[in-house]
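Taking it in order: structure first as structure tokens, then the write-up.
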Amino acid sequence: MAATGNADTNVGHGVLIEAVGRALSTHGRAVLTGPAGAGKTEVAHAVAAAAEARRETVLRLAPDAADQHIPEASAAALLACVPRSALDRLAGPQRTAIALLRREADAPRAGRDHVALRLALAEVLRTLAASGPVLLLLDNAQWLDADSTDLLRFALRLTPPRVRVLVAERARGGAPVAETLCGPGAPTVRVPSLGADEVAELLLRHGLPARLAGRIHQASGGNPRLALALGHSLAEAAGSQGGCAHHADPLPVAGQAREVARRLLAEAPARTRPTLLLAALATRPTTALLRRAGRPDAEAELAEAERAALVTVGEDGAVAFTAGALPTALAADAGWPERSAGHAALAAAVDDPVQAVRHRALAVDTPDAELAAEITRAADACRRRGQRALAAELGLLAAERTPAHLPGEELARLVGAAEDAGWAGRADLARRATRAVLARDASPAQRVRARLAVIDAAGQALAALDETFAFACAEADAADDPSLLAAVQLRIAWKHNLSDGDPVRSRDAAAEAGALAKAGGDQVAEAMALTVRARMGRILADPDAEDILAEALALPAPEVPLGMRNAPQYLAVRHALFDDRLADARSRLLVLLPAVQRTGSAEDVFEVLRSLTEVELRRGACALGAAHARRALELTIEAGLSPGPAWYVAATAEAAGGSFARAAAYARRGIRASEEEHDQVFLSRGLYALGTVELATGEAARAVATLRRVAELEEAQQVVDPSILRWHGELAEALVAADDPAGAVALLDEVTPVARSLERTSVLAALDRARGLALSAQGEPESAVALLRATAQRFDALGLPLEHGRTLLALARVERRRRRRAPARAALRDAAELFERAGAEPWLCLARENAPETGVPHPGAAALTDAEARLALLVGGGASNQEAAAKLFLSVKTVEARLTRIYQKLDVRSRAQLATALRGH
């Protein structure tokens, strides 16, 4: 009897476990279903562990595939784990029947008293139930042998309600065993697939790169076992490549991952395999296409595959595999003759000329000049459609089908394929094409263009490409082409910013790139170099930054081959956002969005969606911001982009209009991904998002620690302009909340003159909000109230409703500390109205939670600082000094000293008196 495997410990299954528990409590029977590897075992074992924690008796049975052929094997295994005391109470014939079964499960059945055996099993369960509740857990119930199923069915009909039954089973056709054991009315709970967030959590728990969660989720369909197998396969592949596996590479469906995929595919009847293979080879399979390709029974066969949870078939006949690894495994396991025949059939059946050419090319493996030219024309069509990844794939196919006597055409096709792959972010195709270019007698210019494509495909992960940069520089020098040298220097400038966090070196490299581009007559590269200079100038508070940007905008602006995100018109949008010219930024972005969607660059579309999210959240349209953030995250998963930026965007959207808990989870994943990719820019942003949430949720000490990391990173990156990442006011507020108003004032005194000299109006308002809180903490409540009221009016005039509402929350805290309940209540009411109009749900909850109670609190409670109030509530709630110190990130001595002040302010002498004094506060 095999033990069940454990893919993980209930990631994403908390709600499911509660649902099963409720079903068992209400009905006494529950059924868990789902495909292999979905996590049924983990959920069932969690339910059993909860029952054991309640001191219930738990009987576990987990047969494997071999047991279904051995009569009464599972019944024998079940009885083997029953306590001897329960067996000793049985009558003679029943005890004899069980002894025979336990000792000779595989012996001939002649001579056994089957009636006694049935009654014995029922009596054993009744005996156990007499001492307390019993949970019978049957995992892998589909492997129960028929005789054991019959025995259990009989016994369970006679057991009292205290015997509850949980059956975990995956349907394999025919009558489910669960229905036989539990009856037709038993509640069934299906284990759903994990979401991308839950896959990220699963990977983190197993020490695998969380940045791959989106793509592993897509490839696994959210199946935990397959997700882990893919993650381990990818880790092994990265190790064999010296850690160079890229976020856009296809996931290796090999080793354990292929075995898991094969087991999933085995759930469907063998007769469905040819139809599934055709669907795997097609780009957009439909039932009609599969019928035209020679599978007249496609609907019926796909229905069987759908019951096995391998595919879904839409109302329009569109066929989609539930996990991306399944078609890969199908194609890999098929032989060349099968694949060739499949592509030939599809070539005759598809109605898209580009796909027809692709399938004809894949159906043969011999060079053909005419076919190669036809594939090249198809790649050109894909480029015009914005389908750069498909263009890259076709370019490689065209090169492979080019005869050996046409080396010039082959090289041109390889370089074109590399550049298409770089545009699409397909590092695997870019590297494959570049390796082929470097293995041939290519010119220095061709070699440089291919290497630059590898750099372009890397997205945010530029830190591991030093060797590629070095070779590109050397070959560009050899080519003696200033335009090529400009292209290399431009990418070096991007790397200095993203990976090295060095805006000065980035600006200098961009200046060199601009001079080279001008010498080579490349105005597009010159505009982009000026854009980098302007971006770095803004970071460094260079007064010439806007003039440099204007110079870039004055140059001709054709379609930018290196991405709209690097174009001056996009930087102009970012500057408008930094300056809170939100209407201007929004109108520009809505013009750019369809333009970048036509180019086929996923990174460009993501950048525009990211900025739209920030604009909408800033102007108080949280629902619109959340919609853009969702699209940005979905795009990141689909295109295999670096997920750190997308998780940061999701965190900001959740913090504004969703859930602080989800925002913190997204931020932590973004931090982990950015650390893995050495992306200093979005590491700062992820930490900023997390610190803001920690501040909002009252974790002041954590917020201080997190935001100080942001300060250190920003200092290391030499960021001067406080409008780019507005952490200064957040850290100052966190310092006040952590009972360090002096530290807050010192920070404010340092950054305020910079913000004033740069005329960063909204930054100054945020700094004044923090200063108002600091004034209150330092015993100047009147000045604090006056400053906070004026700051609220400034945010209102700037059209920043969330900032306005946050300032009113701060004002309410100060007024309440002054024991001015009516002004505090009015400020909270106004804040709640602002948050409600904006759809800022977590902030609305915060405003409502802070509404004054109708009761009268202890008169000294209002004198407590926020930090003292948090400690008082912890200790008054029963926490020890050590527990409170750990929770608040303080030393025990600090807790003791702070408690002394609290006792003095409240005039209490014990923890019990403290708890009484705080009631209603």
inquiry  = Under 3.5 Å, is there a donor on one side chain and an acceptor on the other for D500 and Q680?
reply    = no
ask   = Is there a donor in the side chain of R574 and an acceptor in the side chain of S611, or the other way round, less than 3.5 Å apart?
value = yes
Could you check whether [X] pairs with [Y] (Lys NZ or Arg NE/NH1/NH2 to Asp/Glu carboxylate O, under 4.0 Å)?
| X | Y | value |
| --- | --- | --- |
| E616 | R619 | yes |
| R491 | D456 | yes |
| R610 | E614 | yes |
| R388 | E419 | no |
| R685 | D679 | no |

[X] side, atom [atom1]; [Y] side, atom [atom2] - distance, nearest 0.5 Å:
| X | Y | atom1 | atom2 | value |
| --- | --- | --- | --- | --- |
| L394 | R377 | CG | CZ | 12.5 Å |
| R432 | L396 | CZ | CG | 4.5 Å |
| F682 | L725 | CZ | CG | 10.0 Å |
| L414 | R449 | CG | CZ | 11.5 Å |
| T402 | I375 | OG1 | CD1 | 7.5 Å |
| E400 | L371 | CD | CG | 11.5 Å |

Beyond-backbone contact of [X] with [Y], side-chain heavy atoms, under 4.5 angstrom:
| X | Y | result |
| --- | --- | --- |
| C382 | V354 | yes |
| S723 | R538 | yes |
| Q718 | L540 | yes |
| V649 | L633 | no |
| L609 | L593 | yes |
| L406 | E410 | no |
| R284 | Q355 | yes |
| S684 | Q717 | yes |

query = Are R413 and E409 close enough, and set up right, to give a salt bridge (charged side-chain N to carboxylate O under 4.0 Å, His left out), and what steps lead you there?
reply = CA-CA 6 Å; R413 288 162 179 163; E409 291 184 19; 3.4 Å; yes
Using every non-hydrogen atom in the two residues, find where [X] and [Y] come nearest and quote the distance to one decimal.
| X | Y | value |
| --- | --- | --- |
| L571 | T531 | CD2-O, 3.3 Å |
| L438 | R447 | O-NH1, 3.6 Å |
| A457 | A421 | CB-O, 4.0 Å |
| A412 | Q446 | N-NE2, 4.5 Å |

request  = Go through R401 and E374 one step at a time and tell me if the salt bridge (charged side-chain N to carboxylate O under 4.0 Å, His left out) criterion holds.
outcome  = CA-CA 10 Å; R401 301 297 180 265; E374 195 175 356; over 6 Å; no
inquiry  = The test is side-chain contact (heavy atoms from CB on, under 4.5 Å); show your working for R760 and D579 and say whether it passes.
reply    = CA-CA 7 Å; R760 305 300 186 232; D579 294 335; 3.9 Å; yes
request  = Kindly determine whether R586 and L624 satisfy side-chain contact (heavy atoms from CB on, under 4.5 Å), including the steps that lead there.
outcome  = CA-CA 12 Å; R586 186 172 186 270; L624 284 173; 4.1 Å; yes
task = Under the side-chain contact (heavy atoms from CB on, under 4.5 Å) rule, collect the residues that match up with S762, sequence neighbours excluded.
result = D580, R618, R726, L798, L800
request  = State which residues pass side-chain contact (heavy atoms from CB on, under 4.5 Å) with D508; sequence neighbours excluded, sorted by chain then number.
outcome  = V504
task = Dump the intermediate steps for side-chain contact (heavy atoms from CB on, under 4.5 Å) on R535 and R507, then the final yes or no.
result = CA-CA 8 Å; R535 180 179 286 129; R507 179 192 60 192; over 6 Å; no
ask   = Run the side-chain contact (heavy atoms from CB on, under 4.5 Å) check on L589 and Y570 step by step: do they pass?
value = CA-CA 8 Å; L589 286 166; Y570 181 67; 4.2 Å; yes
query = Near D365 CG, under 6.0 Å, is it more than 12 heavy atoms from other residues, nucleotides or ligands?
reply = yes
key: Pairs flagged by ring-ring contact (aromatic ring centres under 6.0 Å, His included) wherever residues 352-400 is involved - sequence neighbours left out   = H343-H359
inquiry  = For a salt bridge (charged side-chain N to carboxylate O under 4.0 Å, His left out) check, start with the C-alpha distance between R384 and D380, then their side-chain angles and the critical distance, and finish with the verdict.
reply    = CA-CA 6 Å; R384 290 192 297 272; D380 292 339; 5.4 Å; no
